[in-house]
Asks: 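Encoded as structure tokens, here's the structure I'll be asking about.
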There are 2 protein chains.
Amino acid sequence: MRITALSGGVGGARFLRGLLAELDSRRAQDPGTRDPGTQDPDTQDHRGEAAEHDVVVIGNTADDVTLHGLRVCPDLDSVMYTLGGGADDERGWGRAGETFAVAGELAAHGDPPDWFSLGDKDLATHVLRTRLLAEGVPLSAATARLCERWRPGVRLLPMTDDPVETHVVVDAADAPDRGGSVVSPLAGGLAGPGERALHFQEWWVRHHAVPPARRIAVAGARAARPGPGVLEALRDADVVLLPPSNPVVSLGAVLAVPGVREALRATRAPVVGVSPVVGGAPVRGMADACLRAVGVPTTAAAVAGLYADVLDAWLVDPADAPGRDDRALAGRSADDLRVRAEPLLMTTPADAARIAGAALDLAAELADLDVRPRSSSGSVPIAHAGLAA
Amino acid sequence: MRITALSGGVGGARFLRGLLAELDSRRAQDPGTRDPGTQDPDTQDHRGEAAEHDVVVIGNTADDVTLHGLRVCPDLDSVMYTLGGGADDERGWGRAGETFAVAGELAAHGDPPDWFSLGDKDLATHVLRTRLLAEGVPLSAATARLCERWRPGVRLLPMTDDPVETHVVVDAADAPDRGGSVVSPLAGGLAGPGERALHFQEWWVRHHAVPPARRIAVAGARAARPGPGVLEALRDADVVLLPPSNPVVSLGAVLAVPGVREALRATRAPVVGVSPVVGGAPVRGMADACLRAVGVPTTAAAVAGLYADVLDAWLVDPADAPGRDDRALAGRSADDLRVRAEPLLMTTPADAARIAGAALDLAAELADLDVRPRSSSGSVPIAHAGLAA
């Protein structure tokens, strides 16, 4: 089964870890699906068995940022570290057993920014990637090189090899310039009079998403081309999954790459989404601040609306009980969009596996019903249209 | 008193630390020399009093190397760390309290080279410098930026802002290519048939200077221009000191920058050198391997010969008792070159201060004698001429 998933950072990565565990578990229960020619019976974890699962992850790169001259790709790295067994689960970001000697030195030098903690182990990833990029290696190939070490058990594809950096335009009075800002070559012209365009990381990490966003712009997306294999992975998938990542700055940014949304509409695979909103609040992070910026309520139904033109099924928490409203918001008929309730709080890896299993089950139902191909005439939903590219 | 010193890495840095301590001590004993307008009586160490000493250090940059995409300047950093109180004196290189998390990760990625240990704290220096260089900041300004934090108590000037990288040409059979080599853009054309040109760091650190050097080439030197302030610091000095640094790859490389040797010949200041050879062996490191490469015996007298055209006085260890031979080798008349014996083993900082004091005393004697200006007609000594630039 060929599964293609979009993904943001930690939330998506944890869902994907659950997905791989669920696939392992299903295969173990159904030995008939195992290929004795490629199966190593000694291998207990999913790593090294990527080919069997055939999971492709299209990662968001619009959170990427250059810090201290090093190219940092937080979402790609979260997927690598989480699936490769190197993530700090307790802290929720970065590497397990991390130290901060380099960051301490850069602070002693007064080299901004001082609001983004680059751990030493994490920094090695950025040093290697930055060198490869400087040598002209595309981000996709640099990511593949990093994955040789991490063996995440999926094929991790950046959404694009082109530079894309989400910016948040705020009222200048809400975020006065105190120095130490990230300067992005893509930020030009984003801010009008009385406004400031903050790199997404600066708004998110430094300002904790407090200054209200007037606009969120996925700068560079309009000119970006999908990365190698991205459109093919969507076209050739048996199942497409939208994990509970941030619907605006993570999955919204992936969908802002020209061609991706069209490929999702055109694929014959059922597209199953998992709501990032549980009981009217984001599962992780401050996604509500992003949703507000694009005028979308923090409800599972409203988030479904962001994916209306591509979604076949939508997994929501029982607290956000499915009803006719969901279907209405998604602009699709009741037969078109299947909504299923499943507890969606991903507290443990087992939760993530169960949720991924529910998404796979839903996809299997839809495949049996042969719901695709469906109409691809729908226009881009209002809220994502409001996400300037 | 304006003092200008050339310097290589650790050996030069320890001599300079002794020099600053000696200057502090002399000033403390002679309050009349203190300027009450600029002297802060609360300041106990030399840092922050750079202006009073007015010591300029012209640092060797030919050991510089790009590792993992980061620009590493070992000699400049040794001077900064040692004079700034951040060096690991026991280990003899790098930062005190160093950790190696980044290096461990790069090794886990299999990213060569694996034979050069970049500590985390040290790496922060290279990250900052690399970013500045990438932004077009010259090395001299980047060094000044780094010195804002280290406050080494001297004005540290790279010998040049242009790329210079010493290479050692060896018999290919003596150092077979096993991968993981440093690739320098300056290495082209250095090796003939059956030869390999190794970056100096690779020969020194990876091969421990074991493969005999056929030639040592200061690649890039011919086209290099002296860094800002370098020639002026030699011209305007009251005393010029040649610390006991490696005479071939450290001071020899500084002297290989066009204009530097001429400025040393032309300066009115007495030029006093300290022998890096004690009892027929190098004080530190494997300088004898470098001397062999240029056909010079490992004797104090022979090293003086390398500086014959610029030297006014030469401090040697009693074990290398001064005699007529020294003067002969230096190609100067007995009246011209003053040789003085002083125990030169720098075991403690106090040793370094005493040695620096002896060099200053010698310079003072020469100044009283008004030995300069002297003939500048001498050609470049044979051995340094053999050091290809």
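Each chain gets a letter, A, B and so on, in the order its sequence line appears, and its residues count up from 1.
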Asks: OG1/A/Thr125 to CD/B/Glu105 distance, rounded to the nearest 0.5 angstrom?
Replies: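 The distance works out to 6.5 Å.
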Asks: From A/Thr66 OG1 over to B/Arg131 CZ, what is the distance, rounded to the nearest 0.5 angstrom?
Replies: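 Answer rounded to 0.5 Å: 11.0 Å.
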Asks: Going from NE2 on A/His68 to CG on B/Leu132, what distance comes out if it is rounded to the nearest 0.5 angstrom?
Replies: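 If we round to the nearest 0.5 Å, A/His68:NE2 and B/Leu132:CG are 11.5 Å apart.
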Asks: At a heavy-atom separation under 4.5 Å, does B/Ala134 approach chain A through its side chain, its backbone, both, or neither?
Replies: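 Neither part, no heavy atoms under 4.5 Å.
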Asks: Quick one: pull up CZ in B/Arg149 and CG in A/Asp111 and give me the separation to the nearest 0.5 Å.
Replies: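 Those atoms lie 11.5 Å apart.
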Asks: Search all heavy atoms of A/Ala124 against all heavy atoms of B/Leu106 and return the closest pair with its distance.
Replies: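 Shortest heavy-atom contact: O-CD2, 3.7 Å.
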Asks: Other residues, nucleotides and ligands only: do more than 12 of their heavy atoms fall within 6.0 Å of CZ on A/Arg91?
Replies: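 It does: A/Arg91 CZ has more than 12 such atoms within range.
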Asks: When rounded to the nearest 0.5 angstrom, what distance separates CG in A/Leu70 from OG1 in B/Thr130?
Replies: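 The distance works out to 8.5 Å.
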Asks: One pair to check against side chain to side chain contact (heavy atoms under 4.5 Å, CB included): A/Leu123 and B/Leu123. What are the steps and the verdict?
Replies: CA-CA 10 Å; A/Leu123 192 123; B/Leu123 192 123; 3.4 Å; yes
Asks: Between B/Arg145 and A/His109, is there a donor-acceptor pair closer than 3.5 Å when you use the side chain of the first and the backbone of the second?
Replies: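 Yes; at least one donor-acceptor contact below 3.5 Å.
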